[in-house]
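For this chain, numbers begin at 1 and follow the sequence in order.
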Amino acid sequence: MNWHPLTSAEQLDNIIEESKHTPVVIFKHSTSCSISSTAKSRLERQWDGASVDHIKPYYLDLLRYRPVSNEIAEVFQVQHQSPQLLLIQDGMCTYDASHLGISIDSMKKSLAV
């Protein structure tokens with residue numbers, strides 16, 4: 001899994017445009033939370049072999065970039081959670097899960113055909 005850092009609210013415009021051509025995920029991670037670390041580790045293990053290589057993964061460090069997380073909540077109309085995985089397709093959030101509810105299999109069911 002090759003994470004792309006999400007560090008500014010300005011990147012969200014690019015992510016929205018990207019999502020019109022290929023699905024994008026945003027993983028919001030709290031580096032001080034053991035549940036968040038567990039969710040991230042599970043996500044990374046599930047990613048390999050899940051046939052989701054066409055999805056571009058972004059990683060947001062919530063402690064360093066909390067204003068970006070707030071912008072994500074506003075732009076994609078989701079409640080802030082940590083950890084949280086959002087699937088963005090055609091400029092909209094089509095899957096949103098948090099904590100240990102984050103699952104590649106569940107996310108894949110939300111992929112546009």
Pairing residues for [X] by the side chain to side chain contact (heavy atoms under 4.5 Å, CB included) criterion, not counting sequence neighbours:
X: Glu74; value: none
X: Glu71; value: Ala9, Leu12, Val75
X: Arg66; value: Ser69, Asn70, His80

Atom of Tyr95, atom of Cys93 and distance for their closest heavy-atom approach: O-SG, 3.2 Å
Closest non-hydrogen atom pair between Pro83 and Ala39, with its separation: CG-CB, 3.7 Å
Evaluation steps, side chain to side chain contact (heavy atoms under 4.5 Å, CB included), between Ile16 and Met92: CA-CA 8 Å; Ile16 289 169; Met92 298 182 307; over 6 Å; no
Which residues satisfy the side chain to side chain donor-acceptor pair (under 3.5 Å) test with [X], sequence neighbours excluded?
X: Ser82; answer: none
X: Thr22; answer: none
X: Thr7; answer: Gln11

Within this structure, what is the [atom1]-[atom2] distance for the pair [X] and [Y], rounded to the nearest 0.5 Å?
X: Gln81; Y: Ile102; atom1: CD; atom2: CD1; answer: 9.5 Å
X: Ser98; Y: Gln84; atom1: OG; atom2: CD; answer: 6.5 Å
X: Leu85; Y: His29; atom1: CG; atom2: NE2; answer: 13.0 Å
X: Ser8; Y: Asp13; atom1: OG; atom2: CG; answer: 9.5 Å

Trace of the side chain to side chain contact (heavy atoms under 4.5 Å, CB included) decision for Val25 with Ile88: CA-CA 6 Å; Val25 294; Ile88 312 300; over 6 Å; no
Qualifying salt bridge (Lys or Arg N to Asp or Glu O under 4.0 Å) pairs with a residue from residues 24-38, counting only residues at least two apart or across chains: none
Pairs touching residues 93-109 that satisfy salt bridge (Lys or Arg N to Asp or Glu O under 4.0 Å), sequence neighbours left out: none
Side chain to side chain donor-acceptor pair (under 3.5 Å): pairs with one or both residues in residues 43-54, sequence neighbours excluded: Trp3-Glu44, Lys40-Glu44, Ser41-Arg45
Hydrophobic cluster identity match, Leu111 and Leu43, side-chain contacts under 4.5 Å: yes
Connected via hydrophobic side-chain network under 4.5 Å: Leu87 and Met1: yes
Flag for Gln89-Thr94: side-chain donor and acceptor within less than 3.5 Å: yes
Distance-only donor-acceptor hits, side chain of residues 57-65, under 3.5 Å, sequence neighbours excluded:
| residue | atom | partner | partner atom | Å |
| --- | --- | --- | --- | --- |
| Tyr58 | OH | Glu18 | OE1 | 2.5 |
| Tyr58 | OH | Lys56 | NZ | 3.3 |
| Asp61 | OD1 | Leu63 | N | 3.0 |
| Asp61 | OD1 | Arg64 | N | 3.3 |

Val24, Ile15, Val78 screened by side chain to side chain contact (heavy atoms under 4.5 Å, CB included) with Leu86, the one that passes: Val78
